[in-house]
Amino acid sequence: MEEFNKKEYLEDVLYSYAMPHVKDQTDAYKAAAERLMGAVEKHYGDKVIKTFKSGSIAKRTSVNIKFDIDFVIAFRRDSFGTLQEMSDDVFKFLDNYRKENDDIIDSYVKKQKVSIGFTYRYFDNGVQKEIPIDVVPGRELRQDDYEETGNLNLFFRESTWGFMSDEGSSQKTNIEAQADKICGKNDERKVIRLLKVWKKCTGKHVKSFVLELFTLKAMEDYDGPRDIWSMLEHVLQYIRDHATDTSCHLIDPGNTNNDVLARMDSADRTTLKSEMDNMLRQIETWPEYIKIAFPENREHKRKKESYGVRTGMQVPLPPTGKRFG
Amino acid sequence: MTIDKAHIIDILRKFPFIIHVTDKGETEVLWMFEVLFSIGGVELPFLMHVKRDMSPMKCGDTSPLLFVNKDLLAYPHIMQEGNLCLHTQDCVIWEDRIRVEVEAVCEWIERYYIGGEKDEHYEDLVVNDVLINGRKVQFYYSQTNVTFHAGDYGYVAYTKISGNSKIESSVDTYLIQGMARHDGVQSHGEWSELYKSLTHAQGLFVILSGSPSHYGKFAMSNYAELADLCTEEQLRFVYEKLYVDKDKFTPVFWGYKTPNGKQRWLISYPDESQRIIKGQQVRNGGKKEWFPVMEDLKMHTVDAAECSYNQFYGRGKFPELITDKKIMVMGVGAIGSIVSTTLVRCGLKDITLSDFDKKHPGNVCRSEYLFATGKTEKIEELKTILESISPYVNVTIVKELHQVLKHAPQSEAKIIPELLDKYDIIFDCSIDSEMMWALDQVKIKAQIVNLSISNKANELVCAFSPGICDFVTRVYTDLINSDAGDMYNPEGCWSPTFKASYNDVQIMVQYAMRYMVKMLNGDMRKANFMVKEIDESLRLIRW
């Protein structure tokens with residue numbers, strides 16, 4: 001039997017999760033986000049330095065399932081007395097925005113750790129659609145220093161058992177520095193996208209940001225082959241070997257005082273290590289395990305010559321002649 | 001491997017705790033020695049029997065070497081003939097055999113004779129069973145839903161479940177279905193509805209005031225010995241039923257309780273030519289009265305064994321979270337029939353089978369069906385097989401379920417949940433993709449577990465609801481590269497099927513069931529999985 005080609009398969013996986021497959025959807029997301037950004041700028045006027053898109057779409061690390069769009073509102077230092085006032089005011093604005101816009105049939109605004117979740121639901125040709133937007137309000141650290149430093153203070157909302165409270169603290173970040181860190185790193189981006197596929201398709205709870213920083217760190221001194229499997233394997237091994245290593249640090253490029261790995265719960269670090277270990281061992285003994293850990297997006301599989309019966313079936317069922325009892 | 005008397009004596013004399021060995025003569029088959037043990041200041045003699053012309057190896061559980069002392073009958077592990085019952089290790093030379101047995105006697109003396117130790121677990125009475133009308137008789141009984149007590153008496157319903165003529169002599173096996181006390185109170189065994197409903201014969205029961213035994217080990221063997229354990233009322237009842245009424249009530253079940261309160265039975269068949277109870281006339285003032293008296297007659301006792309659910313499955317079963325559930329198996333081909341028999345062999349009490357297919361000879365080689373039964377409906381034959389395996393399983397069969405699930409009109413759609421909601425777990429082994437999809441669409445409380453296998457049994461796929469159809473489709477489309485060109489085509493029809501033997505299918509199903517049960521029992525995170533042989537090992541690949 002022909003040997004399973006991990007490299008080819010992973011390239012097919014990346015292809016199937018590429019964003020251009022869902023261009024209509026991303027365009028709709030971007031349009032909704034831009035409309036909202038415009039409304040924010042109009043409402044807050046001079047209080048706003050700028051609004052800009054962030055997150056995975058901006059960093060080009062997104063995959064075409066379960067994605068959202070993020071944008072940042074950079075406020076001037078003197079715009080609000082406190083960070084909490086800033087966060088609460090943006091929440092209030094978004095809540096009013098949904099009530100005042102007729103094309104939004106229903107939307108849902110919720111307070112999250114540093115962002116405000118805005119789910120935009122609307123009808124498109126009679127079909128209900130949803131656009132999840134994460135709005136991150138931030139305030140420059142000192143008056144008029146944003147243009148120079150890019151630093152922002154976010155309101156970090158405390159949560160108890162998953163319920164967001166109104167209590168919180170400030171968290172310094174530099175979103176543009178975070179995006180710059182990955183700029184031009186196409187290989188790293190591919191690995192990050194695969195790890196996101198793994199996280200989303202297998203229901204893992206590890207933060208994408210942790211996987212992203214681990215990838216960047218693992219690839220810093222990597223001088224091995226540049227094919228996708230070799231790079232992914234190296235990153236998986238690196239995470240396995242360092243997830244519980246207390247001397248390993250994953251420094252947030254937006255805030256050098258923020259060690260993202262140190263903030264992870266030790267049980268979660270152990271789980272991450274064992275998941276990587278398990279995945280590598282499974283792949284070693286049975287390479288096609290990759291298909292389980294990194295399943296292709298069936299909606300956008302690369303077209304191959306096939307006489308598959310499933311082609312064109314609206315409700316796919318298992319192929320005949322393969323499954324028995 | 002032979003040995004002579006002088007060598008035996010020589011070996012025995014080397015043990016420091018054997019202080020005297022005397023040759024006590026011989027028979028055609030035995031050499032006999034008196035062996036005096038001295039342990040912890042206690043001297044204890046045994047007559048040692050050595051079977052001549054035998055090797056030092058045991059035959060079954062019987063050693064070629066016995067230690068006998070009839071004065072020790074009251075002690076544990078001393079059998080009726082006074083021989084010590086020792087379960088010693090295997091040996092292939094006489095020197096080892098003698099050493100092992102002698103050391104076991106020493107341990108017995110220390111623990112039971114000097115130490116006064118009693119074993120915690122209850123051992124059934126030793127019953128000297130006899131042939132009844134030239135046939136061995138075996139009774140099985142379970143604990144019952146109503147407990148009767150000393151002094152109670154009444155009728156027993158029992159049924160013959162088999163007449164085997166292949167073990168030693170002919171054996172008739174009976175099952176005690178239940179009892180009816182003289183005042184009408186009934187007590188039923190735990191058996192399945194089928195076994196409870198079989199036609200039955202009647203015997204008599206008497207609950208004794210104590211164990212009908214000597215030393216708590218050997219069953220009484222004479223009716224006169226039972227006299228002190230029965231009330232006059234009980235004896236009158238037995239007398240009247242055996243010798244006054246025309247109906248034939250035999251045998252008599254003499255009930256007693258174990259130290260932990262479990263019901264046990266000593267069963268005897270009264271000799272038809274001699275009365276076991278006689279009426280003794282006495283004058284009470286001017287009145288003549290009679291009293292029942294047990295006769296000095298040998299009891300014809302037969303073997304009886306407890307077969308309660310917990311005993312039946314004592315060696316191993318699935319957890320109660322599985323066995324106490326109502327389970328349906330849809331599709332009873334190779335996988336479904338193996339799943340069904342496994343569930344029942346592991347203690348399941350309530351199973352429903354659903355299929356529309358008939359059994360053909362070609363099905364037999366890798367499923368649980370029999371050739372000898374000829375052409376049958378699969379569910380009907382499997383029902384019989386399951387009921388033959390366990391007396392505790394109630395089996396229901398449903399033939400048209402797939403019709404209802406797939407073709408019920410919209411107006412009757414609500415009947416589907418009604419049909420399925422009575423089950424806790426549904427094993428879908430049907431490989432009917434349309435039904436798999438249909439089941440995904442209905443909201444039911446049952447946990448559906450979908451099982452299927454690839455050609456040559458290379459992979460077995462197990463999926464848990466919800467979302468089975470999508471998962472199974474993905475696995476068989478993207479992961480399983482079966483060789484569709486190398487299928488088995490039964491001659492005379494166009495119905496290619498997979499190639500795999502009973503061994504291939506069994507090992508995959510049993511391996512999968514081991515983990516499926518852990519998941520359903522909450523011992524393991526429930527996740528869809530695939531069993532696959534990789535590098536000569538079976539691997540559980542979990543999602």
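Proteins come first, then strands; the chains are lettered A, B, ... in the order of their sequence lines, and each starts at number 1.
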- Message: Quick test of your reading of the model: are B:K326 and B:D424 salt-bridged, counting only N-O distances below 4.0 Å?
- Response: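 Salt bridge: no.
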
- Query: Does a salt bridge link B:K378 with B:D357, judged by any charged N lying under 4.0 Å from a carboxylate O?
  - Reply: yes

What side-chain donor-acceptor pairs closer than 3.5 Å can you find for residues 205-213 of chain A, not counting sequence neighbours?
from	atom 1	to	atom 2	distance (Å)
A:E212	OE1	A:K59	NZ	3.2
A:E212	OE2	A:K59	NZ	2.9

Part of [X] within contact of chain A (heavy atom distance under 4.5 Å):
X	value
B:I534	side chain
B:N458	neither
B:R366	neither

- Do A:Y15 and A:H300 have their ring centres less than 6.0 Å from each other?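 Judged by ring-centre distance (under 6.0 Å), A:Y15 and A:H300 do not meet the cut-off.
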
- Task: Count the heavy-atom pairs under 4.5 Å between each of B:S537, B:A527, B:S452 and chain A, then report the option with the highest count.
- Result: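 Max contact count across the listed options: B:S452.
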
- Item | Engaged part of A:T202 at the chain B interface, taking heavy atoms whose separation is under 4.5 Å |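 Answer is neither: A:T202 stays 4.5 Å or more from chain B.
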
- Query: Any side-chain donor paired with an acceptor under 3.5 Å for B:T373 and B:E381?
  - Reply: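 Note: B:T373 and B:E381 side chains meet the donor-acceptor criterion.
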
